[in-house]
Amino acid sequence: MLTLLQNKFALSERGARDLIKGSLYSALTDLSMLLPVGLFIMLLDELLQPLLGTSTATPNLLKYALLVGVVFVVLYLCQFWQYSSVFLSTYTESAARRIHLAEKLRQLPLSFFGKRDLADLTNTIMGDCATLEHAFSHAVPQLFGAMLSTLVITIGLLYMDWRMGLAVLWVIPAAFMMIIGSKYLQNRAELKHYQAKRICADGIQECLETIQDIKACNMQERYLEGLDKKLDAAEQAHIHSELTLGAFVTGAQAVLRLGLASVILVGSELLITGKTDLLTYLIFLITASRLYNPLSETLANVAEIFMAEIPIARMQEMAAQPVQCGEKDYRLNGYDIEFDHVSFAYNTAEPVLKDVSFIAKQGEVTALIGPSGGGKSTAAKLAARFWDATSGTVRLGGRDITTIEPEALLKHYAIVFQDVTLFNDTVMENIRLGKRDATDEEVAAAARLAMCDEFVSRLPLGYHTVIGENGSVLSGGERQRISIARAILKDAPIILLDEATASLDVENETKIQAALAELIKNKTVLIIAHRMRTIANADKIVVLSDGYVAQQGQPDALLKQDGLYRNMVMIQKQNMAWSL
Ligand SMILES: Nc1ncnc2c1ncn2[C@@H]1O[C@H](COP(=O)(O)OP(=O)(O)OP(=O)(O)O)[C@@H](O)[C@H]1O
């Protein structure tokens, strides 16, 4: 039962157990709502008896006053238990779900993010969690509770008088059949609504991200027209989905109310023909008027549960994604990085790296060079296990890196990428990310080595200036220098520099090269650069072209060979001779 609920609703074991508890409390609350009805019937019975001549006793009002008090307390307690059980457990489960999702995202390989668009992912984390939170606090336990309480009442009514019992109950399967029958249409409408909403969110996100280019190309009007159409489509899809839901739910609720009419008809007939007594007839009338209330709400909830199937499916899809795992405690024999017949493809069958083999030795600078799209950045990312090789092995210190837990592995790496990522925080904290426990003095020393001083002194609050989302108040070169300072501060044994100095002017590049020369002593350095001067001091060159290793060896030796390396050096020399 627990496993079934876990699988069906993407719940944790505790969540499934809480759902059962919440459903039982909901059933108890529904049943407790019949207590005032019972009390009323008792009083009615005592009032009717003198009229019917079966007794002369008058009702004991004190007894009824006490019973009203007891019923009130029971009702209060049932509501209180149901509320605290259902809502508290739902929000606890919801918090656990969000943490679990975040934890899962942390462990997923980057290939997963390459396949998903960001708006969809954000929607899964924020929107889907909220949808499920609402469904499990307002719909699912109430539905199960109503089903349970209806079952108990059904047995009681059929036992009292099966004919009037059937008159009350026939509408329940009819109404549910109507809702279940409409499931396909409702799901289709909701899926269309969700897709339209996602397209809208994508459009808005794209607009915000590319606003600079849209303005530069004078495309505002055309772009906004497109966005307008997407918003209209989302609005239409939403109206359509609400109408589909509303039509079936109100239809089913109307069918439920027919039960009262049928009980009046059947009961009157039985009463006239003397097949039942007045009290039984009244019991059925009053029960029927109460029985349909929780059921009526439940019908609207059934639709919400159907709709929750979409986010549940997405949660399950996320949960089923394979994560990168490995050992946290391991021994390395130095920090040589070895690519051993490595091939790799992103999403397509076409490999980006093909049978790549080379060793980046500790204490040496190994430069990856080659034409654009040759696979240099991909190789660097494979070296840090951002992705796992499709075939072949990447080793660090003689150990296959797929056997090492990614976070434990990354402790050995300081990385400076082409695309720098900065956080909306101070310069100081952005650099401190390299080493969380670094003192302000250590951060400032790293910043000085990375030539940050000069531009930081111009910021209003110096190192304590908040630099905006992704360092929006800084230039490309300044952002890159912060990223280099981070790497210097981390002082890891392996350094990956992917176009690390690409956004710098020649003067700053020369200064930073000097700082980097200090940083990289006795470390394993893998450097990617287009400018030959950036890799002038490399110990080894690996030329990657079209995913293959075209050449590798010491720079001097490669210069003597007629190959890609010599061509690139010659072309760059010619370019430097040009002037505008
Ligand atoms: N995340 C990705 N998903 C799919 N394909 C990708 C991805 N990243 C890169 N590629 C493709 O892989 C190939 C190699 O890209 P890579 O960035 O490794 O080349 P590179 O040699 O570093 O290029 P450049 O010098 O222009 O930066 C290219 O064809 C590129 O389109």
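We number each residue from 1, following the sequence as shown. Note that ligands are numbered from 1 as they come in the structure, with each ligand's atoms numbered from 1 the same way.
Around the OH atom of Tyr223, the shell of radius 6.0 Å holds more than 12 heavy atoms that belong to other residues, nucleotides or ligands.
The closest heavy-atom contact to atom 27 (O) of ligand 1, among the options Gly547, Pro371, Ser377, Ser545, comes from Ser377. Between Gly370, Gly374, Gly373, it is Gly373 that holds the heavy atom closest to atom 28 (C) of ligand 1. The residue among Phe344, Phe386, Tyr346 with a heavy atom at the shortest distance from atom 7 (C) of ligand 1 is Tyr346.
Near Thr378, meaning under 4.0 Å from any of its heavy atoms, are these atoms of ligand 1: 14 (C), 15 (O), 16 (P), 18 (O). Shown in contact with Gly375 at under 4.0 Å from a heavy atom are these atoms of ligand 1, numbered in order with element: 14 (C), 18 (O), 19 (O), 20 (P), 21 (O).
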Hey, mind stepping through Thr393 and Val342 against side chain to side chain contact (heavy atoms under 4.5 Å, CB included) and telling me if it holds?
-> CA-CA 6 Å; Thr393 314; Val342 170; 5.7 Å; no

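For the pairing with Asp491, the salt bridge (Lys or Arg N to Asp or Glu O under 4.0 Å) check across Lys435, Arg486, Lys523, Lys411 returns one residue only, Lys523.
Heavy-atom minimum distance, Asp425 versus Asn430: O-ND2, 3.5 Å.
No N or O atom of Val352 sits closer than 3.5 Å to an N or O atom of ligand 1.
Salt bridge Lys230/Glu225: absent, no basic N to carboxylate O contact under 4.0 Å.
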